[in-house]
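One structure is given here, and the rest of the page talks about it.
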Amino acid sequence: MLNHKFFESNYKKLGFFALNEDFIEEINGDLYKSYIKVLYLPEGYSITIDFKHYQTSSPSLFFINSNQYLQIDKEGKKQGYFMYYNRDFYCVQIHDAEVACDGLLFNNIFEMPMTALPEKEVLFIDGIYAQLQQEFDSPDSSQEEMIRTYLKQLIIKATRIWKIQQLGVLNDEPSKEMDFFRDFSRLVEIHFRTKHTVADYADILGVAPKTLSNKFNRLELQQPNDIIKDRIILEAKRLLGYSSLSVKEIAYQLGYEDPAYFNRLFTNKVGDTPSNFKKKYLQGKNVQLE
């Protein structure tokens, strides 16, 4: 591939390239599905991540985990960039959890993968990509560490901007409280298939269910029960849209022994039955393919 920069060593992989029509077709397929992905898109791009649509009105970064589904719907006029890497290449230790591979940008209670760049930060991000390009063009023995350093700078800078844009009053909370909300979000991601109630997560966190709910109420955040159920429904949508499993099989996989209860939960949350959602989604994909 022309302009495709790639590093691979001892199971560690990272690559990036400038977007064009051929690459977009590849990105929309399954080739990069297993990788963590970072998109840098100027204004005029339209993309879909996990059934939600995003449009860029200014240069923006998108951080997409390996379990998420990505579709670039419309290309803007200016050059965009796509980066992908595996956990072997970059997944920092727990003391760096906020900027880790399951950190705020990739796993948060707001389910927001987008970071719109303020004008004053665009030059900094452009500089990182220019340095990455230069590192690939003139590699030496420290190439791996330099590439990882630039990636970490990108994640740290984007995390700072994202926190200002998304967290609101949470930014004024003590770091211990911030860690609590991140821990809850991380636990939901780990256990949503088997633990469905607020009490389940309160027990793991060592607090009473009412205390857990009150923490979210105090800051006017989405209720913990809704966050848990939304994560279950998101996985159900993924399985309906991208697997051949039946609705009953999906219910069992998500920890519901009574498929009828799962049907009611999905219908109440989505406004459509699982079967109808699957049918409409597949019809929509076929229209796009044509």
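It should be emphasised that the depicted structure is a prediction, and the values quoted were computed from it without experimental measurement. Numbers here are sequence positions counted from 1.
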Residues that D140 engages under side-chain hydrogen bond (donor to acceptor under 3.5 Å, both in side chains), provided they are two or more places apart: S142
Approximate separation, where rounding is to 0.5 Å, of D88 CG and S9 OG: 10.5 Å
Please set out all donor-acceptor pairs under 3.5 angstrom arising from side-chain atoms of residues 109-132, sequence neighbours excluded.
residue	atom	partner	partner atom	Å
E111	OE1	K52	NZ	3.4
E121	OE1	K157	NZ	3.2
D126	OD1	Y40	OH	2.8

Non-hydrogen atoms of L19 and L41 that approach each other most closely: CD1-CD2, 3.5 Å
Partners meeting side-chain hydrogen bond (donor to acceptor under 3.5 Å, both in side chains) with N214 (sequence neighbours left out): none
Interatomic distance, Y32 atom OH to I64 atom CD1 [nearest 0.5 angstrom]: 13.5 Å
Salt bridge (charged side-chain N to carboxylate O under 4.0 Å, His left out) involving K237 - partner list, sequence neighbours excluded: none
Test side chain to side chain contact (heavy atoms under 4.5 Å, CB included) applied to L105 and L61, step by step: CA-CA 10 Å; L105 297 174; L61 287 163; over 6 Å; no
D22 backbone acceptor or donor facing N20 side chain under 3.5 Å: yes
Side chain to side chain contact (heavy atoms under 4.5 Å, CB included) between V38 and F62, intermediate numbers included: CA-CA 6 Å; V38 180; F62 293 85; over 6 Å; no
CG on L39 to CD1 on I72, rounded to 0.5 Å: 5.0 Å
Cluster check Y85, L31: I/L/V/M/F/W/Y, side chain < 4.5 angstrom: yes
Cluster check I27, Y242: I/L/V/M/F/W/Y, side chain < 4.5 angstrom: yes
Ring center gap for F136 and F7 short of 6.0 angstrom: no
Verify same cluster id: I190, I204 (apolar side-chain graph, 4.5 Å): no
Note, L70 side chain near F82 side chain (heavy atom, < 4.5 Å): yes
Close side-chain approach of L187 and F192, heavy atoms under 4.5 Å: no
V247 side chain reached by P259 side chain, heavy atoms, under 4.5 Å: no
Summary of salt bridge (charged side-chain N to carboxylate O under 4.0 Å, His left out) pairs that have at least one residue in residues 192-206, sequence neighbours excluded: R193-E235
By salt bridge (charged side-chain N to carboxylate O under 4.0 Å, His left out) - contacts of D137 (at least two apart): K5
Which atom of Q79 lies closest to which atom of A18, heavy atoms considered: NE2-CB, 3.3 Å
Ignoring hydrogens and angles, write down the donor-acceptor pairs under 3.5 Å from the side chains of residues 264-275, residues two or more places apart or on other chains.
residue	atom	partner	partner atom	Å
T267	OG1	N263	O	2.7
N268	ND2	R264	O	3.2
K269	NZ	D226	OD1	3.4
K269	NZ	D230	OD1	3.2
D272	OD1	N276	ND2	3.3
D272	OD2	K280	NZ	2.6
T273	OG1	N276	N	3.1
T273	OG1	N276	ND2	3.4

Ring centres under 6.0 angstrom apart (Y35, F89): no
Ring center gap for H4 and F16 short of 6.0 angstrom: no
Smallest separation among heavy atoms of N225 and V198, with atom names: N-CG2, 3.6 Å
E144: partners by salt bridge (charged side-chain N to carboxylate O under 4.0 Å, His left out), with sequence neighbours left out: K12, R148
Greater than 12 external heavy atoms within 6.0 Å of E249's CD: yes
Option passing salt bridge (charged side-chain N to carboxylate O under 4.0 Å, His left out) with K215 (candidates E173, E220, E177): E177
W162 and F63: CA distance, side-chain angles, deciding distance, side chain to side chain contact (heavy atoms under 4.5 Å, CB included) verdict: CA-CA 11 Å; W162 186 93; F63 295 85; over 6 Å; no
Shortest non-hydrogen separation from L14 to L151 and the atoms involved: CD1-CD2, 4.1 Å
Distance-only side-chain donor-acceptor flag, Q55 / Y45, under 3.5 Å: no
Centroid-centroid distance, F51 to Y69, less than 6.0 Å: no
Backbone of Y11 reached by a side-chain donor or acceptor of N86 within 3.5 Å: yes
Straight-line distance of Q68 CD to I49 CD1, nearest 0.5 Å: 6.5 Å
Side-chain heavy-atom pair T56, Y54 within 4.5 angstrom cut-off: no
Electrostatic pair R182:D179 at N-O distance under 4.0 angstrom: yes
Qualifying residues under side-chain hydrogen bond (donor to acceptor under 3.5 Å, both in side chains), relative to Q223, sequence neighbours excluded: N217
Shortest non-hydrogen separation from L212 to A202 and the atoms involved: CD2-N, 3.9 Å
hydrophobic_cluster_shared for F6 and Y81, side chain cutoff 4.5 Å: yes
Derivation and outcome, side-chain hydrogen bond (donor to acceptor under 3.5 Å, both in side chains), residues Y252 and E257: CA-CA 6 Å; Y252 291 146; E257 294 182 7; over 6 Å; no
Contact list for residues 198-222, test ring pair (Phe, Tyr, Trp, His ring centres under 6.0 Å), sequence neighbours left out: F181-F216, F184-Y201, F184-F216
Verdict with reasoning, R186 to D183, per salt bridge (Lys or Arg N to Asp or Glu O under 4.0 Å): CA-CA 5 Å; R186 182 177 56 83; D183 285 345; 3.7 Å; yes
Polar side-chain atom of K278 near backbone of L240 as donor-acceptor pair, under 3.5 Å: yes
T149 (side chain) donor-acceptor with E145 (main chain) under 3.5 angstrom: yes
Donor-acceptor contact present, side-chain K37 to main-chain S66, <3.5 Å: no
Results of salt bridge (charged side-chain N to carboxylate O under 4.0 Å, His left out) for E189 - residues two or more places apart only: R231
Residue list, side-chain hydrogen bond (donor to acceptor under 3.5 Å, both in side chains) with T48, at least two apart or on another chain: H53, D73
Minimum side-chain heavy-atom gap D50-R238 below 4.5 Å: yes
Shortest non-hydrogen contact from H196 toward G255: CE1-O, 3.5 Å
